[in-house]
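Both ligands and their constituent atoms are indexed starting at 1 by order of listing.
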Amino acid sequence: MKSETETTSGQASEQTKKLFIKTYGCQMNVYDSERMAGLLKPLGYTQTAEPEDADLVILNTCHIREKAAEKVYSDLGRIKKNKERKEQSGGEMKVAVAGCVAQAEGAEITARAPIVDMVFGPQTYHRLPEMIARASRENGDVLETDFAVEEKFDTLSTDREIEGYSAFVTIQEGCDKFCTFCVVPYTRGEEVSRPVDAITAEVRMLAANGLREVTLLGQNVNAWHSAPPAGTAGDGWGLGELVRHLARIDGIERIRFTTSHPRDMDHGLMAALGEEPKLMPYLHLPVQAGSDKILKAMNRGHTADHYVRQIEEIRKARPDIAISGDFIVGFPGEGDDDFEATMQIVEAVGYASAFSFKYSRRPGTPGASMAKQVAEPLKTERLARLQALLEQQKQDFNKAQVGKVLPVLLEKKGRNPGQLVGRSPYLQAVHADLPERLLGQIVDLRIVDTLSNSLSAQALDDRIST
Ligand code: 5AD
Ligand code: SF4
C-alpha cells in the first residue's frame, strides 16, 4: 500500500462544529478518514480545511516508517499553539490521534503530547461518536486501541458521502503475514474479511449514486474469502469470485483491488484478471526484494523465482497487465549481491509503477533487532539506483501507450480551462481538452504524448471535443 502521501480534506462551515482531519500514509487511512468524517456528521461536525479554529482535530497517523511517526509529533507541537490560542479566547479544541501510530504508541502519545485528548487505533473507529461524547463529559484522556471488535466494517460503511466517480470499498483488514520489517500486523490486527452481502450492498449504493469505478481495499486484499451470498451454491469464495459478482452490478464499469500479496495470489483471481472485462489490467503486487536470502529474512514466504513465475502466469492470462510493486532497500544483512538481485528482479518483471523505500527500523518488529543493519549512506545509494531504474521503466511503459486508443474514465476538471482528467485502465492519469458534459463517462481517447506523471490525449472525433 502506498505510504508517501499526506492529505488534508474538508470544507468550512459557519454554523456547525468544525472538524479538521489530517491524513498520513496509505489509502486505507484516506478511506478511514472519510469514514470518521461520516460518523461524526450526525454529531454536527463539518470538515474544515483550517486547523486553527477547529473544534476537533484528528491526526490519522501512519507508523510504517519512522519519519511518519516523528511528523505527527511535530504537527502536534503546532496544534498545541492553536489549541492554547483558542482556549485563551474562551473556546475549546479537542485533539485526537488516530491510526497506526495511535495503535502502536498509545499511552506514550499522551505522555509526550499532553494536549492530546483522545488516542484510538484503527480497530475502534466505529466507537468514535461514543468516545467524543465521553471526552467531552470527562475531560480526561480517552485511550481506545483494543483489537477484535465485531461489525466494524458495517458500522463504518453507513452514510457514505461520495464525490466523483471512483471510490474505495474496504473488503478486508489486517494482516497475519508478519513480514519482519512491518508494523501492520501489530497495528491493524489479524486478517478479517468483510462478508459478501455487506460489500455488495455498499457497491450497489455507490452505483446508485453514479459511481463508475470501485477499488476494493485491504492490507492483504487477495486474502479475502467469504461464504458465497445466501442462496448461492458452492464453497467459499475468493477475490476472483467476488470481483465477478460485483461486475454484474449495473453502473459499475471498472473494478480494481489493492494491495495483493504473492502468497495469496490464487488461480481464481488470475483467471478473473484474464476473463472479467470490468477488472482493470493493473496489479499492485509487492515483492520487496529480489534475493532469496533477504526474502527469507523478511519472512515473505516465497522466493524470487516463485514471484517471477507468478507474474508470467498472470501475463499469460492478461498480456497487457501493468504491474506495480513495493521495494525495500537496505534490509538488515543486504549485501551488494542481494541488492543486485533486487535490480535483476525489477529488470525481469518490468514495472509500470512502483514505490521504493529505505528500510526503516520499526520498534517491536523482528527486523529492528537483527544484526548487520545497513549503513544509511549505502541505503541512500541503493535507493537512488533502484529508483532510477523504476522511473525508467515507468516512462517506457507510459511511452508505449502513445498512439494507442485507451478508454479513459473522466473524473474531474483539469488544471487548465477546458481540460478534463481521467484514468486509463492502467491507472495512468490522462488529460485531454474535452467538454464538462463528459465527466463521469468512459471515453475512448487517442494518447498523443507523455509528461512525467501523466499522458495527454485527444478525442477520436471532433464532435466529441466540442
Ligand atoms: N521500512 C521501509 N519500508 C517499509 N514498508 C513497510 N514497512 C517498512 C519499513 N519498516 C514498505 C513496504 C510495504 C509498504 C507499504 O511500505 O514496501 O509494502
Ligand atoms: Fe506488512 Fe507484510 Fe502484512 Fe504487507 S504482508 S502488511 S508488508 S506484514
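Residue contacts with ligand 2 for Val183 are absent, since no atom lies close enough (heavy atoms, distance under 4.0 Å). Under 4.0 angstrom from ligand 1, the non-hydrogen atoms of Phe357 all belong to its side chain.
Residue Lys358 has at least one heavy-atom neighbour below 4.0 Å for each of these atoms of ligand 1: 1 (N), 2 (C). Residue-ligand proximity, Phe178 to ligand 2, at heavy-atom distances under 4.0 Å covers atoms 8 (S). Taking a cut-off of under 4.0 Å to the non-hydrogen atoms of Pro185, the atoms of ligand 2 that pass are 8 (S). Remark: ligand 2 atoms within the under-4.0 Å shell around heavy atoms of Phe181 are 7 (S). Proximity to Gln288 (heavy-atom distance under 4.0 Å) selects the following atoms of ligand 1: 12 (C), 13 (C), 17 (O), 18 (O).
Taking 4.0 Å as the cut-off, Arg300 counts as a neighbour of ligand 2 on heavy-atom distance.
Relative to the six-membered ring of Tyr73, Arg112 meets both conditions, a distance below 6.0 Å and an angle of at most 45° to the axis. Cation-pi geometry between Arg35 and Tyr31 is met: under 6.0 angstrom from the ring centre, within 45 degrees of the axis.
Under a 3.5 Å cut-off, the side chain of Gln172 and the backbone N or O of Asn220 do form a donor-acceptor pair. The closest donor-acceptor contact from the side chain of Gln310 to the backbone of Pro262 lies under 3.5 Å. Not one N or O on the side chain of Glu173 forms a donor-acceptor pair closer than 3.5 Å with the backbone of Thr170.
For Lys404, the NZ atom is densely surrounded, since the number of other residues' heavy atoms within 6.0 Å is greater than 12. Within a 6.0 Å sphere centred on CZ of Arg315, other residues, nucleotides and ligands contribute more than 12 heavy atoms. A 6.0 Å sphere centred on NZ of Lys358 holds more than 12 heavy atoms belonging to other residues, nucleotides or ligands.
Here the shortest heavy-atom distance to atom 4 (C) of ligand 1, taken over Ile328, Asp326, Val287, belongs to Ile328.
For atom 5 (S) of ligand 2, the closest heavy atom belonging to the protein is His261 CD2, 3.4 Å. With hydrogens left out, the protein atom closest to atom 3 (Fe) of ligand 2 is Cys175 SG, 2.2 Å, a heavy atom. From the protein, the heavy atom lying nearest to atom 8 (S) of ligand 2 is Cys179 N, 3.3 Å.
Residue Phe327 places no N or O, backbone or side chain, under 3.5 Å from any N or O of ligand 1. Between Arg362 and ligand 1, a contact under 3.5 Å exists for no N or O pair.
Taking backbone and side chain together, Cys182 holds an N, O or S atom under 2.8 Å from atom 1 (Fe) of ligand 2.
Checked against the 6.0 Å centroid criterion, the rings of Phe327 and Tyr351 qualify as a close aromatic pair.
Note on Glu334 versus Arg382: salt bridge recorded, some NZ/NE/NH1/NH2 to OD/OE distance being below 4.0 Å.
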